[in-house]
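Notes for the one structure printed next.
Keep in mind that this is a model prediction, so the values were computed, not measured. Values below: every heavy atom of this structure, side chains too, minus hydrogens, waters and symmetry copies. Residue numbers begin at 1 in each chain, while the letters A, B, ... track the order of the sequences.
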Number of protein chains: 2
Amino acid sequence: MSLARSARPIPPARHRLSRLAPLDNAAIAALNEAIGRPQLFRPRRDLMVEGRDIAGPHLILSGWAARVRILLDGRRQFLNFLLPGDIVGLYHHQRPVAPTSIITLTEVTTCVPPDLGALPALDEAYAISHALDEAYLLAQIARLGRMNAMERIGDLMLELHERLELSELTHGRSFDLPITQETLADALGLTAVHVNRMLQAARRGGDLIWSSRSMTIPDPQALARKVGRASIRVTAG
Amino acid sequence: MSLARSARPIPPARHRLSRLAPLDNAAIAALNEAIGRPQLFRPRRDLMVEGRDIAGPHLILSGWAARVRILLDGRRQFLNFLLPGDIVGLYHHQRPVAPTSIITLTEVTTCVPPDLGALPALDEAYAISHALDEAYLLAQIARLGRMNAMERIGDLMLELHERLELSELTHGRSFDLPITQETLADALGLTAVHVNRMLQAARRGGDLIWSSRSMTIPDPQALARKVGRASIRVTAG
DNA sequence: CGTAACTTTGACAATCATCAAGGCAAGTGG
DNA sequence: CCACTTGCCTTGATGATTGTCAAAGTTACG
């Protein structure tokens with residue numbers, strides 16, 4: 001079922017990183033070796049704690065995690081979701097400090113990505129991956145700042161579908177959404193109650209169908225038009 | 001007056017980059033040379049256009065700019081502000097594409113920052129600068145997602161004060177805020193009318209005093225406590 | 001079978017947006 | 001020096017969106 005699927009790691013040759021930049025044999029071998037030493041985390045564990053030195057970077061192999069910020073009175077905002085293929089904690093400077101905590105939402109496996117600067121092909125993939133991360137953060141800002149609840153949900157679902165597709169983790173127009181409505185609310189800057197109502201409205205409108213942890217977008221193009229969304233690119237050609 | 005002050009470039013030796021990492025003589029010389037070839041932009045000009053190849057990176061020397069995203073129906077969201085010392089368009093990968101447009105808010109001077117990879121000391125400063133940028137984007141997400149109008153304004157003003165202080169562009173508890181309330185609204189995900197009301201409430205409460213393009217924070221620490229804000233760090237030690 | 005976590009529903013309240021109009025200050029041209 | 005325009009700030013009335021609180025239903029799982 002749901003969790004089992006999201007827990008299956010991506011085979012190295014089909015790994016998202018190899019989609020972002022062509023990897024030579026040395027890079028694939030290094031990646032393969034890294035993937036061979038996975039680390040397992042249970043749900044609701046910290047991968048990183050805001051303000052602490054970064055122990056080591058993580059390459060997500062399976063499962064969902066999220067960067068999170070918690071306000072003093074307990075309000076919680078998820079800054080972005082971390083999906084298989086994503087990299088966190090890889091910085092170019094000395095003694096980096098984690099800008100936010102990272103918490104696992106499901107069971108997660110990670111590995112330590114091959115070092116920066118060792119393999120040019122991988123460095124290129126890292127750079128593109130990083131640029132993509134930035135682009136998605138910018139998208140999140142526009143979503144929270146200028147979209148209403150319905151648009152936020154549609155836009156985020158399209159984004160997740162787009163990102164999961166890069167790792168072959170979609171099933172046509174559906175994908176596994178192994179999180180609760182409360183988690184979704186914390187990512188969208190809404191309350192769980194309102195997310196619930198909007199999801200029901202979206203189903204009535206034929207825009208989104210959510211059931212048993214699986215999300216279906218019956219007509220992605222129509223939804224993209226409706227919420228005014230363009231897919232995200234960071235390189236030319 | 002206001003614009004004149006914000007148009008004075010930062011002397012290289014006191015430049016924000018040299019605050020982020022110790023620069024050796026070679027780095028300072030390279031920076032100095034770059035600053036010697038400034039480019040001038042009038043207000044409301046594009047420094048970069050979303051989706052286009054990045055012509056060249058910019059190091060902001062004076063004035064304010066902003067990354068912006070515009071929705072199909074014209075709604076506008078400023079993603080972040082770009083202040084003197086900030087760098088944009090510097091990527092590690094081939095053929096980068098601009099993830100968002102950048103527009104000048106005031107008169108702006110920029111220069112082309114010295115190339116990546118040429119000087120280790122500068123590379124370190126770039127990396128730290130980039131990590132700071134990311135941290136401020138994350139702060140913007142939390143602001144838009146989970147703070148109310150009053151908190152957003154207070155938090156943003158504290159952030160701007162903190163950032164401008166790094167370049168010695170503050171005057172004690174005041175700083176130049178050379179933008180309109182509508183621009184502020186587009187950065188805060190609010191309407192200009194509501195920003196206006198909240199600014200008045202903030203003045204009545206003694207939290208913020210805005211007049212003739214200058215912002216004063218009578219008691220920054222008290223305000224930080226009130227909105228639950230911690231200052232931002234990206235390196236240990 | 002029972003418990004805990006999650007989803008759903010309803011009534012009501014707060015926050016913020018919208019619309020429309022007026023005021024004020026700076027600059028422009030007669 | 002005075003009308004006139006323009007951009008920006010301010011105010012009021014009203015409404016839509018979203019939050020809050022509380023309770024009941026549902027599902028997963030031991």
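A side-chain donor-acceptor contact under 3.5 Å links His161(A) to the backbone of Gly172(A).
dT7(C) atom C1' lies 11 Å from atom CZ of Arg213(A), rounded to whole Å. For Leu188(A) and dT17(D), the CG to C1' distance is 15 Å, given to the nearest whole Å. For the pair Leu199(B) CG and dT11(D) P, the interatomic distance rounds to 12 Å; values are reported in whole Å. One atom, NE2 of His194(B), and another, C1' of dT17(D), lie 13 Å apart when rounded to the nearest Å. Taking atom CZ of Arg75(A) as the reference point, atom C1' of dT20(D) lies 14 Å away to the nearest angstrom. Residue Arg146(B) contributes atom CZ, which lies 13 Å from atom C1' of dT20(D) at whole-angstrom precision. Going from atom CG of Leu105(A) over to atom P of dC6(C) covers 12 Å, rounded to whole Å. For Leu144(A) and dC16(C), the CG to P distance is 15 Å, given to the nearest whole Å.
Comment: Arg173(B) does not engage Glu165(B) in a salt bridge, judged by the lack of any side-chain N to carboxylate O separation of less than 4.0 angstrom.
With 3.5 Å as the limit, one finds a donor-acceptor pair spanning the side chains of Gln140(A) and Arg143(A).
Put simply, Asn196(B) has no side-chain N or O that comes within less than 4.0 Å of OP1 or OP2 on dC9(D). The phosphate of dG7(D) has neither OP1 nor OP2 within less than 4.0 Å of any side-chain N or O from Gln181(B).
Nearer to the 5' terminus of DNA chain D, by closest-nucleotide assignment, is the contact made by Arg44(B) (compared with the other of Arg44(B) and Gln200(B)).
Using a 4.0 Å heavy-atom cutoff across all strands shown, Arg203(A) reaches no nucleic acid atom at all.
Nearest to the side-chain atoms of Val193(B) among the listed nucleotides dC19(C), dC21(D), dT7(C) stands dC19(C). Relative to the side chain of Arg197(B), the nucleotides dT20(D), dT18(D), dA13(D) differ in distance, and dA13(D) lies closest. Here the nucleotide nearest the side chain of Thr180(B), chosen from dC8(D), dA17(C), dT18(D), is dC8(D). Checking dT8(C), dA17(C), dC9(D) against the side-chain heavy atoms of Leu190(B) singles out dA17(C) as nearest.
Taking the ring centre of Tyr136(A) as origin, the terminal cationic atom of Arg163(A) falls inside the region bounded by 6.0 Å and 45° from the ring axis.
When each of Leu199(A), Thr170(A), Ile209(A) is paired with Met215(A), the side chain to side chain contact (heavy atoms under 4.5 Å, CB included) condition holds for Leu199(A) and for no other.
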